[in-house]
Amino acid sequence: MKKILIIEDEANLSNFIRLELEYEKYEVLVSFNGRDGVKKALEEDIDLILLDLMLPGLNGIEVCRRIRAVKYTPIIMITARDNVLDRISGLDSGADDYISKPFEIEELLARMRAIFRRVENGNHSSHKLIYQDLEMDLEARIVKRDNEIIELTKKEFNLLRLLMENVNRVLTREILLEEIWGYDTSVETNVVDVYVSYLRAKVDKKHQDSHIQTVRGAGYVLRQ
């Protein structure tokens with residue numbers, strides 16, 4: 001039975017998530033503040049952590065950093081719906097994924113299953129993402145394909161990272177624009193197509209299908 005740690009100070013929300021996870025046959029621990037959350041995360045054998053960003057004691061970013069200094073336990077950050085900077089900060093501090101409030105429990109469960117699949121396939125660590133023959137080192141900001149380094153700009157790296165963190169999930173141009181360029185940008189959505197073409201030129205191999213698939217009328221996706 002997998003053990004889940006919920007670090008969330010909203011009692012109603014944490015209780016709701018706990019009951020749903022227990023129904024799905026997970027063992028669940030709950031913490032209501034950052035310091036206690038770090039203590040449980042480091043002392044217990046946890047399979048996955050659901051971590052709220054806004055916490056008393058220590059905020060979610062600091063909690064994530066302290067856990068990451070010791071353990072590679074998968075972390076899903078729970079963020080405010082409209083704060084892109086929070087999401088980016090959460091990922092940069094070591095979180096594996098994020099989900100925005102309010103959310104459907106089915107989406108949370110799906111994201112948890114996706115992380116567990118990556119763990120079981122040996123494709124998960126706190127600082128590396130692996131997709132087929134692509135490997136991304138998040139700390140060194142290095143991308144390799146078949147062990148050959150691919151030179152990417154900051155925007156190209158962040159775009160590929162977002163796709164690799166959301167394998168099998170179609171990301172719309174609007175989502176990609178929001179996450180990479182931010183809400184206040186005056187950039188048009190077609191800039192996403194331009195940067196995808198840059199990525200394909202660097203990442204793809206001649207005479208092979210592109211890793212980055214276009215979903216007509218929707219966006220882009222990496223599929224397993």
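All of these numbers come straight from a predicted model, not from anything done at the bench.
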Query raised in the report: Any chain of hydrophobic side-chain contacts (each under 4.5 Å) joining Val167 to Ile175?
Result: yes
**Report entry** Whether Lys71 side chain and Ala41 backbone form a donor-acceptor pair below 3.5 Å
**Finding:** yes
Requested in this report: Determine, stepwise, if the pair Met54 / Asn59 fulfils side chain to side chain contact (heavy atoms under 4.5 Å, CB included).
Outcome: CA-CA 5 Å; Met54 302 301 295; Asn59 66 36; 5.7 Å; no
Requested in this report: Using the six-membered ring of Tyr26, assess whether NZ or CZ of Lys3 lies under 6.0 Å from its centre and within 45 degrees of the ring axis.
Outcome: no
Requested in this report: Decide if atom CG of Asp146 counts as having more than 12 heavy atoms of other residues, nucleotides or ligands within a radius under 6.0 Å.
Outcome: yes
Query raised in the report: Do the charged groups of Glu107 and Arg111 touch, with an N to O distance under 4.0 Å?
Result: yes
Query raised in the report: Stepwise, does the salt bridge (charged side-chain N to carboxylate O under 4.0 Å, His left out) test hold for Lys2 with Glu27?
Result: CA-CA 6 Å; Lys2 287 183 169 58; Glu27 181 181 350; over 6 Å; no
Requested in this report: Check the hydrophobic clustering (I, L, V, M, F, W, Y; side-chain heavy atoms under 4.5 Å; chains of links allowed) and say if Tyr198 and Leu177 are grouped together.
Outcome: yes
Report summary line: Rounding to 0.5 Å, atoms CG (Leu48) and CG (Leu21) come to a distance of 9.0 Å
**Report entry** Leu176 side, atom CG; Leu162 side, atom CG - distance, nearest 0.5 Å
**Finding:** 5.5 Å
Query raised in the report: Do the side chains of Arg161 and Leu129 get nearer than 4.5 Å, heavy atoms only?
Result: yes
Query raised in the report: Do Asp137 and Lys144 sit within salt-bridge range, that is, some charged N less than 4.0 Å from a carboxylate O?
Result: no
Requested in this report: Mark yes when over 12 heavy atoms from residues, nucleotides or ligands other than Glu104 sit less than 6.0 Å from its CD; otherwise mark no.
Outcome: no
Query - Pairwise side-chain contact, Phe16 with Ile105, heavy-atom cut-off 4.5 Å (strictly under) - result: yes
Report task. Evaluate whether atom NZ of Lys205 has more than 12 neighbouring non-hydrogen atoms of other residues, nucleotides or ligands under 6.0 angstrom away. Result -> yes
Query raised in the report: Quick one: does Asp97's side chain get under 4.5 Å of Glu165's, heavy atoms only?
Result: no
Query raised in the report: Roughly how far, to the nearest 0.5 Å, is CG of Leu55 from CZ of Arg35?
Result: 11.5 Å
Report task. Check Tyr131 against Met164 and note the closest heavy-atom contact, atom names and distance. Result -> N-CE, 3.7 Å
Query raised in the report: With side chains defined as the heavy atoms from C-beta onward, is the minimum distance between Thr79 and Ile99 less than 4.5 Å?
Result: no
Query raised in the report: Between Asn158 and Arg141, is any side-chain donor less than 3.5 angstrom from a side-chain acceptor?
Result: yes
Requested in this report: Decide yes or no on salt bridge (charged side-chain N to carboxylate O under 4.0 Å, His left out) for Glu44 and Lys40, but give the supporting numbers first.
Outcome: CA-CA 6 Å; Glu44 299 280 346; Lys40 283 188 171 70; over 6 Å; no
**Report entry** Closest contact, heavy atoms only, Ile7 versus Gly37
**Finding:** CD1-CA, 3.6 Å
Query raised in the report: Between CG of Leu51 and CG of Asp96, what distance do you get to the nearest 0.5 Å?
Result: 11.0 Å
Query raised in the report: Under the 3.5 angstrom rule, does the side chain of Arg145 hit a backbone N or O of Asp133 as a donor-acceptor pair?
Result: no
**Report entry** Atom of Ala11, atom of Ser14 and distance for their closest heavy-atom approach
**Finding:** O-OG, 3.0 Å
Query raised in the report: How many angstroms lie between CG in Asn168 and CD in Gln213, if you round to the nearest 0.5 Å?
Result: 9.0 Å
Requested in this report: State yes or no: do Tyr220 and Ile150 share one hydrophobic cluster built from I, L, V, M, F, W and Y residues joined by side-chain heavy-atom distances below 4.5 Å, directly or via other members?
Outcome: yes
Report task. Any chance you could measure Asn33, atom CG, to Asp52, atom CG, to the nearest 0.5 Å? Result -> 12.0 Å
Requested in this report: Check the pair Glu62, Arg65 against side chain to side chain contact (heavy atoms under 4.5 Å, CB included), reporting the backbone distance first and the verdict last.
Outcome: CA-CA 5 Å; Glu62 184 59 28; Arg65 287 176 179 156; 4.2 Å; yes
Report task. List the steps and the verdict of side chain to side chain contact (heavy atoms under 4.5 Å, CB included) for Met136 and Leu160. Result -> CA-CA 9 Å; Met136 175 177 283; Leu160 182 60; 3.8 Å; yes
Query - Met77 to Ala95 - nearest heavy-atom pair and separation - result: CB-CB, 4.1 Å
Report summary line: Heavy-atom nearest pair, Arg68 first then Pro74, reads NH2-CA, 4.0 Å
Report task. Please check if the side chain of Asp204 supplies one atom and the backbone of His211 the other of a donor-acceptor pair under 3.5 Å. Result -> yes
Query raised in the report: Does a side-chain heavy-atom distance below 4.5 Å link Ile4 with Leu50?
Result: yes
Report summary line: For Arg200 and Ile212 the tightest heavy-atom approach is NH2-O, 2.6 Å
**Report entry** Trace of the side chain to side chain contact (heavy atoms under 4.5 Å, CB included) decision for Glu156 with Glu151
**Finding:** CA-CA 9 Å; Glu156 291 165 353; Glu151 298 292 340; over 6 Å; no
Query raised in the report: Is a side-chain donor-acceptor pair under 3.5 Å present for Arg18 with Asn15?
Result: yes
Query raised in the report: Looking at side-chain heavy atoms only, is the closest gap between Thr153 and Lys202 below 4.5 Å?
Result: yes
Query raised in the report: How about Leu53 and Glu8: do any of their side-chain heavy atoms sit closer than 4.5 Å?
Result: no
